[in-house]
Peer 1: 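After the structure tokens below, expect a handful of questions from me.
Please read these numbers as outputs of a predicted model, since none were measured by experiment. All values below were derived from every heavy atom in this structure, side-chain atoms included, with hydrogens, water molecules and symmetry-related copies excluded.
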Amino acid sequence: MTKSKQLRHRPLVLVVDDQEINRDTLGIILEDDYDILYAENGKEALSLVREHQDELSIVLLDLMMPVMNGFEVMEVMRSVEAFSRIPIIVLTADKSAELRALQMGAYDFITKPFDAHEVILARVKRITELVDGRQLISAAEHDRLSLLYTRSFFFEYAERLFRYNKDLQLDAIVLNIEQFHSINDLNGREFGDEVLRVLGDEIRAFLSETEGIGGRTEGDRFAIYCAAQPDYRALLDRFQKRLDGISDKVSIHLRMGVNPWQEGVAPAALFDRARAACSKVRGDFQNPLMIYDESMRQKEMLNQRLLNDLRPAVDKRQFIVYYQPKYNIQSQPPRLSSAEALIRWKHPELGMISPGEFIPLFEGNGLISVVDSYVWEEAAKQVARWRETYGFTLPVSVNLSRTDLFDPTLTERLKQLIENNHLDFRDIKLEVTESAYTDNARQMLELIRGLRQLGFEVEMDDFGSGYSSLNMLSSMPLDVLKMDMSFVRNIENSEMDYRLVKLILDIARYLNLCAVAEGVETEGQMKLLQSAGCDLVQGYYFSRPLPPEEFEKLIQKELNIERMDDK
């Protein structure tokens, strides 16, 4: 950018006329409000237009000139996109030329000789303000990289299409670039901008072939509102192929969600569902396309209902805490050692709802701590109740989610839980998933160390399902290592799986950790774990999760064994 461009504060006008007196006259009229450039023929004019194309606000153009006349100048300016935005006011004494000039894109006319100075100034000012306003709107309307509509304009135009064209049946498409932030981080923002430009270019090419509009609605998200396509996988492949051509060293992956036209459904709702479909295939490079259908709509409605019903369910105690026993298999016979608290939802209208239905939903919406708190309260009361009834203290494990771990009141709440139920800290064991540990947040690790210092035992749940390294494991504050059930599933049939389980048990012994195996379903699995030195197991071989009244039978059985041992 030149220094003059940086310092310019007034609109720039180009006056083109072969008569010096006309140039001087217009200069006198305009000089108080405008910066002025002069040309005496069309060739000079185009040279100045080319040099100042980003600055020029308007061109006052004579039609009859030597070297290159005004019509030829207009023809060139109309054919060059960068020049075509600059408005032209024609200077002429020939009324018959006005129609032709208007057809070629002239905004207005000033008649020679120039006698009404105020009229000339007013016309120049009106055209300049009009065009500047349009350009401001255009700049806000289009994303600078993709040249598609920006989010607000896209949805405004989509809503207008829906409102004023009731017979128009348009589908909603959402495109996302997988891990776009990583593409920027690893390859530089310029490369990332090129990805956005190329995808925008291909979307515009597609829209030139069909009815519809397109927009860049987020940093890496694009929206298309268009006529139904015969093959959406083919359309996705078309966009993907264009991105594949950017670089043979960088992998760029697209995913697509589609919500087909539905009568009476506004664009905002269509695109919400298309976005939900697109999110469903995040990270799925084999099947990156999801078309929103009735089953997804039903699932979405169910999820929303569960979210709405959560607080009333807590208040009305619709949640039931089940308990799955853990048995010490190094004693003969195996002895009941502890239990894990697991939640179920007995919905008054939907019946018994599996935790697999609502736990991931509440985790994704930040509401899991409501469920966790309910489980903690119920488990603590139940431990106290069994101790009072049977004189038998059975420790129970409860889950701490990531949301819980970053709650500044967590330690105080857990201490209050123990005190209110007159328990020992070891009566409630705290389970934290491996993935939470591998986040390796200093704040989280210090919190868990503090909980252990109070006397809580901490268990790493689902060990082996994440990415713990041995070095990390040795530095983590832990008492118990719970093997993910996937390790146990095939140990009877796979020597490799059994050797892997033995290795994990060796690591647990080396780190002085109690080892628990989940998902034990057969006597063969139990015997192999027993011989390998596993301390505790839980699973259907011993018992499914049970409601408190059924679990009490296991306690009674355990007490009978103790009495027999005493005899």
Side-chain angles (χ1 to χ4, degrees), residues 155 158 162 169-179 217-218 220-226 228-229 231-233 235-236 253-316 318-320 322 342-372 374-375 399 401-403 433 435 462 465 545:
F155 282 107
F162 171 74
Q169 298 183 9
L170 302 180
D171 291 356
I173 303 172
V174 170
L175 283 166
N176 257 103
I177 304 171
E178 291 277 6
Q179 299 294 318
T217 56
E218 300 289 346
D220 60 353
R221 183 183 298 156
F222 293 77
I224 303 172
Y225 194 39
C226 68
Q229 299 300 300
D231 187 344
Y232 278 110
R233 182 58 195 247
L235 180 61
L236 176 58
H253 296 280
L254 281 176
R255 65 177 189 271
M256 177 189 284
V258 180
N259 188 14
W261 173 85
Q262 293 173 266
E263 185 174 3
V265 179
L270 286 179
F271 278 97
D272 280 345
R273 296 168 184 173
R275 187 169 63 251
C278 190
S279 296
K280 287 283 187 182
V281 290
R282 179 182 285 111
D284 189 344
F285 299 147
Q286 298 300 316
N287 298 290
L289 170 66
M290 174 73 74
I291 297 179
Y292 190 93
D293 57 14
E294 180 60 22
S295 65
M296 285 192 68
R297 190 180 76 84
Q298 293 293 338
K299 177 65 174 175
E300 188 178 61
M301 292 175 63
L302 173 62
N303 285 348
Q304 190 57 55
R305 178 168 186 183
L306 296 182
L307 290 170
N308 294 340
D309 289 352
L310 171 59
R311 300 287 182 180
V314 170
D315 294 339
K316 296 176 182 178
Q318 294 171 6
F319 289 109
I320 303 172
Y322 278 47
L342 301 166
I343 192 153
R344 302 291 186 268
W345 188 349
K346 190 174 183 180
H347 196 284
E349 297 174 19
L350 302 175
M352 194 66 77
I353 303 174
S354 164
E357 289 283 334
F358 61 84
I359 293 295
L361 174 65
F362 295 151
E363 286 177 337
N365 285 273
L367 295 172
I368 192 62
S369 58
V370 176
V371 176
D372 289 342
Y374 184 94
V375 172
N399 185 67
S401 69
R402 296 187 195 192
T403 304
T433 61
S435 57
D462 299 331
S465 62

Peer 1: Hey, can you tell me if Trp345 and Phe319 have their rings parallel, tilted or perpendicular (30° and 60° cut-offs)?
Peer 2: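 The arrangement is tilted - the two ring planes meet at 30° to 60°.
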Peer 1: If the threshold is 4.0 Å, N to carboxylate O, is there a salt bridge linking Glu349 and Arg305?
Peer 2: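 Salt bridge present between Glu349 and Arg305.
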Peer 1: In chain order, what residues pass the salt bridge (charged side-chain N to carboxylate O under 4.0 Å, His left out) check against Asp171, with sequence neighbours excluded?
Peer 2: none
Peer 1: What pair of heavy atoms forms the shortest contact from Gly366 to Ser369, and how long is it?
Peer 2: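 Heavy-atom minimum between the residues: O-OG, 4.4 Å.
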Peer 1: Taking all non-hydrogen atoms of both residues into account, name the closest pair between Val174 and Phe271 and its distance.
Peer 2: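 For Val174 and Phe271, the tightest heavy-atom pair comes out as CG2-CD2, 3.9 Å.
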Peer 1: Phe162: which residues meet the ring-ring contact (aromatic ring centres under 6.0 Å, His included) condition with it, sequence neighbours left out?
Peer 2: none
Peer 1: Taking C-beta and beyond as the side chain, do Met256 and Cys278 meet within less than 4.5 Å on heavy atoms?
Peer 2: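 Side-chain contact under 4.5 Å: no.
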Peer 1: Considering the options Leu235, Asp220, Ile224, which one meets the side chain to side chain contact (heavy atoms under 4.5 Å, CB included) requirement together with Leu175?
Peer 2: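 When side chain to side chain contact (heavy atoms under 4.5 Å, CB included) is applied between Leu175 and each of Leu235, Asp220, Ile224, only Ile224 qualifies.
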Peer 1: What distance separates Gln304 CD from Met301 CE, expressed to the nearest 0.5 Å?
Peer 2: 10.0 Å
Peer 1: Locate the shortest heavy-atom distance separating Ala276 from Glu300; write the atom from each residue and the value.
Peer 2: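 So the two residues come closest at CB-OE2, 4.2 Å.
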Peer 1: May I ask you to test the Leu361-Leu367 pair for a side-chain heavy-atom distance under 4.5 Å?
Peer 2: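 When only atoms from C-beta onward are counted, Leu367 and Leu361 do not touch, as no gap falls below 4.5 Å.
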Peer 1: Check whether any side-chain heavy atom of Ile320 lies under 4.5 Å from a side-chain heavy atom of Ile343, and answer yes or no.
Peer 2: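 In short, these two side chains do not touch, never coming nearer than 4.5 Å.
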Peer 1: Going from CG on Asn399 to CG on Asp372, what distance comes out if it is rounded to the nearest 0.5 angstrom?
Peer 2: 5.5 Å
Peer 1: How would you list, by chain and number, every residue that makes a salt bridge (charged side-chain N to carboxylate O under 4.0 Å, His left out) with Asp284, sequence neighbours excluded?
Peer 2: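 Asp284 satisfies salt bridge (charged side-chain N to carboxylate O under 4.0 Å, His left out) with no other residue.
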Peer 1: Could you tell me which residues satisfy salt bridge (charged side-chain N to carboxylate O under 4.0 Å, His left out) with Lys299, sequence neighbours excluded, listed by chain and number?
Peer 2: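 Lys299 satisfies salt bridge (charged side-chain N to carboxylate O under 4.0 Å, His left out) with Glu357 only.
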Peer 1: Is there a side-chain contact between Asn176 and Phe222 in this structure, where contact means two heavy atoms from C-beta onward sitting under 4.5 Å apart?
Peer 2: no
Peer 1: Between Val281 and Asn287, which heavy-atom pair has the shortest distance, and what is it?
Peer 2: CG1-O, 3.3 Å
Peer 1: Only pairs under 3.5 Å count here: list side-chain donor-acceptor contacts from residues 257-267, not counting sequence neighbours, and write none if there are none.
Peer 2:
unit_1 : atom_1 : unit_2 : atom_2 : d
Asn259 : ND2    : Leu270 : O      : 3.3
Gln262 : OE1    : Arg273 : NH1    : 3.1

Peer 1: Starting at OH of Tyr232, measure out to CG of Leu289 and round the result to the nearest 0.5 Å.
Peer 2: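 Here the rounded value is 9.5 Å.
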Peer 1: Which of these, Arg282, His253, Arg255, sits in a side-chain hydrogen bond (donor to acceptor under 3.5 Å, both in side chains) with Glu178?
Peer 2: Arg255
Peer 1: With sequence neighbours excluded, what pairs up with Arg233 under the salt bridge (charged side-chain N to carboxylate O under 4.0 Å, His left out) test?
Peer 2: Asp237
Peer 1: What verdict does the side-chain contact (heavy atoms from CB on, under 4.5 Å) test give for Leu302 and Leu350, after you've listed the backbone C-alpha separation in whole Å, the side-chain angles of each residue and the deciding distance to 0.1 Å?
Peer 2: CA-CA 10 Å; Leu302 173 62; Leu350 302 175; 3.8 Å; yes
Peer 1: Any side-chain heavy-atom pair from Leu306 and Ile353 closer than 4.5 angstrom?
Peer 2: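 Side-chain contact under 4.5 Å: yes.
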Peer 1: With rounding to the nearest 0.5 angstrom, report the CG to OH distance, Asp272 to Tyr292.
Peer 2: 9.5 Å
